[in-house]
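In what follows, a single structure is set out as structure tokens and then discussed.
Chain letters run A, B, ... following the sequence lines, proteins first, then strands; residues in each count from 1.
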Protein chains: 2
Amino acid sequence: MSQIAQRSLCESIEAMESAFRSAASGIDGLPVDDVVLLRMLQMVAPALEAAFGREVRKHAGIGKTEFRTLLLLLGSDGCAAPSELSDVDHLGRANMTRVADALVKRGLATRTADADDRRRISLCITAKGRKLVTRLVPGIASGETAVFEGIGMAQRRQVAGALRRLAANLDAWNRSQR
Amino acid sequence: MSQIAQRSLCESIEAMESAFRSAASGIDGLPVDDVVLLRMLQMVAPALEAAFGREVRKHAGIGKTEFRTLLLLLGSDGCAAPSELSDVDHLGRANMTRVADALVKRGLATRTADADDRRRISLCITAKGRKLVTRLVPGIASGETAVFEGIGMAQRRQVAGALRRLAANLDAWNRSQR
DNA sequence: AAAATATAGTTTGTTGATGAACTATATGCT
DNA sequence: AGCATATAGTTCATCAACAAACTATATTTT
């Protein structure tokens, strides 16, 4: 049994907000609305990912990152270089090696050397991998429908726009740190 | 040097969206808008947290979870039980033990037994811990201002509302899985 | 042509989280 | 009073990620 879920996520968010607002009343200059919003983001995103990960593990026996890599391969005509995949998924190359290892071990992808550039390999989804993705899509679709219930298209666009903006601001910040 | 940042986060988001849309054109029933939006969430939130974590590590020598626990203690009149803190921060109790260990080791918090309930302890922020939080607040404030630039109050409310809705839907989903 | 620099992928050790199991204690039920 | 159940916090093993360093190869510069 998970050792997290004493309270629900909603209850934790309420309690977190209350605690931060209380803390802010004794601290000058803390932009508590921003702190709370960022913390909500950082609580909800991992919780969504964890739930997705548990479903994928249960139904496919692989991790969420492995599954996502299969989707990304499908979006690249079936094959891609690990360095490309790690860029697209914003992960480390070392991690992508681990993910590739796991997929190859289960026969869901293959590694083949690049004919033109011997530094590179091509990771390609197999027929078994395609079948697995096809099998899980209905469950994914219904899960996502459930999770987005009550959030209209206009609000989703607002969220997407805000996330892009946050990413751009973070990129600018990271550039300024070097 | 970080092995992730070949591309910027923005570039990864564009590439991810393109790859998922391409994948979806060959897969019936994949709600690609939702997939993309969830994946953006799951890329941006950890990136923000990682950046914050690096700053905190650099300026305070502690992790982001340790720092956040100090803030939560301030919001609880200085003391709280680890089980309470883990609920508020939506973390495992085992993890909160690790966080408490780190804070106590650095003299930023103390553990004291509860007089009424010998199962419980109180984790209390020390004067040193308060000073550390006070010292970091200006940097946090400016970082958060930077990261939210270009996102107006109305849009922030839309994002907050969507996050609460996502949390509620996820709680409902988790309840239905038991 | 040779040397310097950059890129691709891997290996290794570390980190921060989790899940399971444990001990100690409190509460509720009979 | 005694037993069953629940809660609090800890320990331990595991996992999925990272950072650093490495080897091999390609490209650029001199």
Side-chain angles (χ1 to χ4, degrees), chain A residues 1-7 42-43 45-47 49-54 56-58 61-69 80-105 109 111-123, chain B residues 1-7 42-43 45-47 49-54 56-58 61-69 80-105 109 111-123:
Chain A
M1 188 268 286
S2 173
Q3 303 235 322
I4 293 183
Q6 316 318 307
R7 291 193 201 189
Q42 292 158 0
M43 288 167 81
E49 196 162 14
F52 177 70
R54 287 193 293 276
V56 166
R57 176 68 64 186
K58 193 166 86 181
I62 59 175
K64 61 187 193 297
T65 308
E66 284 79 6
F67 184 80
R68 211 167 51 236
T69 298
S83 56
E84 207 176 301
L85 290 165
S86 66
D87 276 348
V88 169
D89 212 14
H90 211 67
L91 300 176
R93 286 171 302 167
N95 197 23
M96 192 50 66
T97 294
R98 180 186 63 76
V99 171
D101 285 347
L103 290 172
V104 169
K105 182 179 176 187
R111 272 187 174 101
T112 56
D114 190 281
D116 299 317
D117 187 334
R118 284 160 61 186
R119 294 173 299 178
R120 292 166 69 94
I121 64 159
S122 268
L123 190 67
Chain B
M1 187 269 288
S2 172
Q3 304 234 322
I4 292 184
Q6 317 316 307
R7 292 194 200 188
Q42 291 157 3
M43 289 168 81
E49 195 162 15
F52 176 69
R54 285 193 294 276
V56 166
R57 175 68 64 187
K58 192 167 87 182
I62 59 175
K64 61 190 191 295
T65 308
E66 284 78 5
F67 184 80
R68 208 164 55 236
T69 299
S83 55
E84 209 175 301
L85 289 165
S86 65
D87 277 348
V88 169
D89 212 14
H90 211 67
L91 300 175
R93 286 172 301 169
N95 196 23
M96 192 50 66
T97 295
R98 180 188 62 77
V99 172
D101 285 348
L103 290 173
V104 169
K105 182 179 174 187
R111 271 186 175 102
T112 57
D114 190 278
D116 299 316
D117 186 335
R118 286 160 60 185
R119 294 173 299 176
R120 295 166 68 93
I121 64 159
S122 268
L123 190 68

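Between A:Asp117 and A:Arg54, the residue anchored closer to the 5' end of DNA chain C is A:Asp117, taking for each the nucleotide with the nearest heavy atom. Summary of the strand contacts: B:Glu66 and A:Ile121 both lie near DNA chain C, and taking for each the nucleotide with the nearest heavy atom, the more 5' one is attributed to A:Ile121.
The CG atom of A:Asp89 sits 4.0 Å away from atom CG of A:Leu91, with the distance rounded to the nearest 0.5 Å.
Distance from the side chain of A:Arg93 is smallest to C:dT10 among C:dG16, C:dA26, C:dT10. Minimum atom distance to the side chain of B:Pro82 is reached by D:dG9, of the listed D:dG9, C:dT18, D:dA26.
Under the rule for a side chain to side chain contact (heavy atoms under 4.5 Å, CB included), the partners of A:Arg111 that lie at least two apart in sequence or sit in another chain are A:Thr97, A:Ala100, A:Asp101, A:Val104, A:Ile121, A:Leu123.
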Give each protein N/O atom lying under 3.5 Å from an N/O atom of nucleotides 1-3 of chain D, with the pair distance.
none

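Between B:Arg118 and C:dT27, a side-chain N or O to OP1/OP2 separation shorter than 4.0 Å is absent. One finds no side-chain N or O of A:Asn95 lying less than 4.0 angstrom from the OP1 or OP2 phosphate oxygen of D:dA16. For A:Arg120, no side-chain nitrogen or oxygen approaches OP1 or OP2 of C:dT10 to under 4.0 Å. Phosphate contact (OP1/OP2 of C:dG9, side-chain N/O of A:Ser83, threshold under 4.0 Å): present. At the phosphate of C:dT10, OP1 or OP2 sits under 4.0 Å from a side-chain N or O atom of A:Arg111.
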